[in-house]
2 protein chains.
Amino acid sequence: MFSKACEYGIKAIIYIATQSLSGTRVKIGDVANNSGSPEAFTAKILGTLTKHNIVNSHTGPYGGFEISSKQMKQVKMRDIVEAIDGDTIFNGCGLGLNECNHEQPCPMHHKFVKVREEIKTMLTTTTIYDLATEYKSGKTVLMR
Amino acid sequence: MFSKACEYGIKAIIYIATQSLSGTRVKIGDVANNSGSPEAFTAKILGTLTKHNIVNSHTGPYGGFEISSKQMKQVKMRDIVEAIDGDTIFNGCGLGLNECNHEQPCPMHHKFVKVREEIKTMLTTTTIYDLATEYKSGKTVLMR
DNA sequence: TATATTTAAGATATTTTTGTCCAAAATAAA
DNA sequence: TTTATTTTGGACAAAAATATCTTAAATATA
Ligand code: FES
Ligand code: FES
C-alpha cells in the first residue's frame, strides 16, 4: 500500500507529535529508536517532510524535530502520504494504465475507484493529532 | 497497490480469457501486444500463473495459453493477486509492523483494516469471467 | 524421423527503492 | 570565539523489482 519510506515517515511523525504534545523536541536517533526505523533513512524522509512544512527542524544543541499543535490538527495523513509517495495512490489506475480515465476504463476501474475513494477518505479525515493522542494514551504501538 | 508484475498478470489473464471465450489459444507475443506489457516479463509471470493452475499452457505449434470456462468462473482476482504478490495486501500491517495484530494495533490499524477488507471483498467477489466478458463487450480497455 | 513452433527455465542486465556514510552548515552555550 | 551538538545534503552501497536474452524442452505436423 505505502512505500517503506512512507511507513517510516508516518511512524516518525506520530512519535515526534506525541513528544511535542509534552513539549519536548526529539533527535533523529530518538525517532529511529522509538519507531523501529533505520536512522539515516528516516533522516532523509524527515528532510522531505520538513520541506513540506509538516514538521519543524532545528539544528544545533537542544535542536531536533517538533510539530506545533496547530500543525498537528491541520495536517492530514493524506498530506504525509502525498509528500512522500505522490498522488498515484489517490488518482492512479489500479492496473497501471497511464492514467485513470472514466471514459475508457480498465477492467478493474469501477470496483477499484470505490476502494481508492475509501483510502482517500480514510487519509483525509485523519489528522496527525488524532493518531498522536491515541498513541500517547497507549492504545496503539509503533513497534513490536 | 499491486506490483507491476501483478498488473501485467491480471491484464494478460483477461486477454487470454476473452480469446478463450472465442475458442482461440494465444501466443505470448499476442498477449504482450494486446495488453501493453513487456513480452519476456509477461512470459515469466504467466509461468507462475500456469504453475498455480490459473491458466493452461501448451508448447509447440498451435500451442499457446488458454483458460477453460470452468477456470474463468471459479478463479477470483484474489487468486491471481495472491499468486503473484503474496498475501501482504490481504493480511499485512499498513505501517509495516511485522504482522497485523488486533491486540497491539498500530496507529492506522482500525481504519486500515476496514479498507483492507474492502480490497479483499472486491478481489474475492470478482472472477476472471466477470472481467473477461465485460472486456469482450468493449466496455473496458487493457491499453491506451 | 526431421522440422518448425512455442513455452519453460536460467542467466544476465537495468532501474528503482532502500539504506548507509561522511562532511558541511547551523546554532546554542560556555 | 570556541566547542559541542544537531540537521542537511551529497555521494555511495546494497537489495529488490523490473526487464531482457539465450538455450532447452515439449510437441504438432509433414
Ligand atoms: S482506468 Fe484503471 S482504475 Fe480507472
Ligand atoms: S497492526 Fe497495523 S494494520 Fe493492523
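Here is how names work: the chains are called A, B, and so on, in the same order as the sequence lines, proteins then strands, and each is numbered from 1. All figures in this text were calculated on a predicted structure; none of them were measured in a lab.
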- Message: Base, sugar-phosphate or nothing for B/Val26? Non-hydrogen atoms, less than 4.0 Å.
- Response: sugar-phosphate

- Message: Classify B/Tyr62 by what it touches in the nucleic acid, base, sugar-phosphate, or nothing, heavy-atom distance under 4.0 Å.
- Response: sugar-phosphate

Within this structure, what is the [atom1]-to-[atom2] distance between [X] and [N], rounded to whole angstrom?
{"X": "A/Lys4", "N": "C/dG19", "atom1": "NZ", "atom2": "C1'", "answer": "13 Å"}
{"X": "A/Asp85", "N": "C/dT18", "atom1": "CG", "atom2": "C1'", "answer": "13 Å"}
{"X": "A/Leu49", "N": "D/dT8", "atom1": "CG", "atom2": "P", "answer": "11 Å"}
{"X": "B/Phe65", "N": "D/dT27", "atom1": "CZ", "atom2": "P", "answer": "14 Å"}

Among [options], the one nearest [X] by side-chain distance:
{"X": "A/Lys27", "options": "C/dA8, D/dT20, D/dT6", "result": "D/dT6"}
{"X": "B/Ile28", "options": "C/dA8, D/dT7, C/dT7", "result": "C/dT7"}
{"X": "B/Ala40", "options": "C/dT18, D/dT20, C/dA8", "result": "D/dT20"}

- Message: So that I can tick it off, tell me whether B/Lys120 and B/Glu117 are bridged by a salt bridge, with the cut-off set at under 4.0 angstrom between side-chain N and carboxylate O.
- Response: yes

- Message: Both A/Leu46 and A/Pro61 contact DNA chain D. Which one's nearest nucleotide lies toward the 5' end?
- Response: A/Pro61

- Task: Would you indicate whether the side-chain heavy atoms of B/Ile89 and B/Met1 approach each other to under 4.5 Å?
- Result: yes

- Message: Testing A/Lys70, A/Gln71, A/Glu66 one by one against A/Ser68 for a side chain to side chain donor-acceptor pair (under 3.5 Å), which residue passes?
- Response: A/Gln71

- Message: Looking at A/Arg144 and B/Glu99, would you say the former's side chain and the latter's main chain have a donor-acceptor pair under 3.5 Å?
- Response: yes

- Task: Confirm from the modelled atom types if B/Lys44 and D/dT18 form a donor-acceptor pair under 3.5 Å, side chain to base only.
- Result: no

